S.K.: 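Submitted below is the structure of interest, expressed as structure tokens.
Both ligands and their constituent atoms are indexed starting at 1 by order of listing. A quick note: this is a predicted structure, and the numbers were derived from the prediction, not measured. The figures here come from the full heavy-atom set of this structure, side chains too, leaving out hydrogens, waters and symmetry mates. The first residue of the sequence shown is numbered 1, and numbering continues consecutively from there.
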Amino acid sequence: MISKKKVNKIEIYYFSGSGNSLKVARDLAEKLKGKLISVASVMNRERITTDADIIGFVFPLYDFKPPLTIMDVVPKFKKIDTKYIFAVCTYGLAPSHSLKHLNKIIQSCGGCLSAGFAVRMPHNGIGSIKNNDKKNQSMYEAWKNKLETISSYIKAGKTGRIEASSPVFSFLNPRALKRLPSAIKFIMHLLLKGIKSLDFTSDEKCNGCGICEKICQAKNITMVDNKPKWAKNCLGCFACLHWCPKQAISLGGYNMDIAFYHHPDVKLSDMVR
Ligand SMILES: Cc1cc2nc3c(=O)[nH]c(=O)nc-3n(C[C@H](O)[C@H](O)[C@H](O)COP(=O)(O)O)c2cc1C
């Protein structure tokens, strides 16, 4: 457990598609002098052993919950009950109860989420076409302030704060209501076929550069005849779409109003590292 006398060892595990969560995880790692670890680098291990006293999970919100990858990886940590665990979820509309959901998973492994924070970032999912630079900039500014709050809270070893909001508020504005039909179609796809089967396609703008193959954390993309081919193991992060330099990738068959976006402080090389 967290100690005020000794120097606590901190590890921050992140999962990110368009860089928002990587930016948040990286800033926190710098502030807290923690080690930054990509979830993709440990997700295929059977068990995860660490001597860190403090473990952080930073991830985007997907359909009101943490990504499957996070929910799968957390129970793999040994001695999770002996750690101070914090989580930060980045979200586009509303954090919902995702951090409480994560807490339940940690509790089922004998531990508990000591602190959970939600950080609003530009939306990278359906309806993100409505993003605008000014609004994005104000979210980046707000993050700078929240970084201080979160890092002070963790440094002080405080517990109990788990941020949440009702998912209903996500849809209670005219712009969000406009997106509702495509959102419902997307949710139906997820319910019927599952996130792993998301049907991405590339169009004639694709020049076969292979960035999508490199950036895919699930190794779900292979280049065949210089064109990407998606298997059925998608993690739903949309990284292939957002980092395509030719903007040639879309969710096949759906008009999802998705804007191409990635966090301005995150480079492609940070994502594929
Ligand atoms: C498949 C998918 C589902 C999403 N679902 C939600 C959601 O239910 N609520 C929400 O507020 N944001 C949602 N988002 C937006 C992301 O959580 C948000 O933009 C996040 O900051 C992206 O982080 P990243 O850049 O690290 O991938 C979703 C994004 C994707 C790609």
S.K.: Which ligand 1 atoms, with their elements, are less than 4.0 angstrom from a heavy-atom of Ser18?
M.R.: 24 (P), 25 (O), 27 (O)

S.K.: When rounded to the nearest 0.5 angstrom, what distance separates CD in Gln247 from CG in Asp203?
M.R.: 10.0 Å

S.K.: Do any N/O atoms on Cys237 end up under 3.5 angstrom from N/O atoms on ligand 1?
M.R.: no

S.K.: With backbone taken as N, CA, C and O and side chain as the heavy atoms from C-beta onward, which portion of Ala94 lies under 4.0 Å from ligand 1: side chain, backbone, both, or neither?
M.R.: backbone

S.K.: Can you tell me how far OH of Tyr84 sits from OG1 of Thr159, rounded to the nearest 0.5 angstrom?
M.R.: 7.0 Å

S.K.: Look up atom CD1 in Ile55 and atom CD1 in Ile37, then write down how far apart they are to the nearest 0.5 Å.
M.R.: 8.5 Å

S.K.: Can you list the atoms of ligand 1 that are under 4.0 Å from a heavy atom of Gly236?
M.R.: 1 (C), 31 (C)

S.K.: Give yes if a backbone or side-chain nitrogen or oxygen of Gly19 is under 3.5 Å from a nitrogen or oxygen of ligand 1, and no if not.
M.R.: yes

S.K.: For the residue pair Phe77 and Ile106, establish whether any side-chain heavy-atom pair is separated by less than 4.5 Å.
M.R.: no

S.K.: Mind checking whether Phe57 and Phe15 have ring centres under 6.0 Å apart?
M.R.: no

S.K.: Counting from 1, what ligand 1 atoms have a heavy atom of Ser21 closer than 4.0 Å?
M.R.: 23 (O), 24 (P), 26 (O)

S.K.: Are Phe64 and Ser98 packed together at the side-chain level, in the sense that at least one heavy-atom pair is separated by less than 4.5 angstrom?
M.R.: no

S.K.: Before signing off on this row, confirm whether Phe64 and ligand 1 have an N or O atom pair separated by under 3.5 Å.
M.R.: yes

S.K.: Check each of Gly92, Pro122, Pro95, Gly17 against atom 19 (O) of ligand 1 and report the one with the nearest heavy atom.
M.R.: Pro122

S.K.: Could you tell me whether Phe238 approaches ligand 1 through its side chain, its backbone, both or neither, with non-hydrogen atoms closer than 4.0 Å?
M.R.: side chain

S.K.: Asn20 heavy atoms, cut-off 4.0 Å: which ligand 1 atoms fall inside?
M.R.: 19 (O), 20 (C), 21 (O), 22 (C), 23 (O), 24 (P), 25 (O), 26 (O)

S.K.: Is there at least one pair of N or O atoms, one from Leu93 and one from ligand 1, spaced under 3.5 Å apart?
M.R.: yes

S.K.: Hey, could you give me the CD/CG distance between Gln137 and Asp133, rounded to the nearest 0.5 Å?
M.R.: 7.5 Å

S.K.: Compare Asn124, Thr90, Asp63 and give the one whose heavy atom is closest to atom 7 (C) of ligand 1.
M.R.: Asp63

S.K.: Using the side-chain contact (heavy atoms from CB on, under 4.5 Å) rule, pick out the option among Cys237, Cys89, Ser16, Ser21 that qualifies with Pro60.
M.R.: Ser21

S.K.: If you count the atoms of ligand 1 from 1 in the order shown, which ones are under 4.0 Å from a heavy atom of Met121?
M.R.: 21 (O)

S.K.: With respect to Leu61, determine whether any N or O atom, backbone or side chain, lies less than 3.5 Å from an N or O atom of ligand 1.
M.R.: yes

S.K.: Taking atom CG of Asp199 and atom CG of Leu251, what is their separation to the nearest 0.5 Å?
M.R.: 8.0 Å

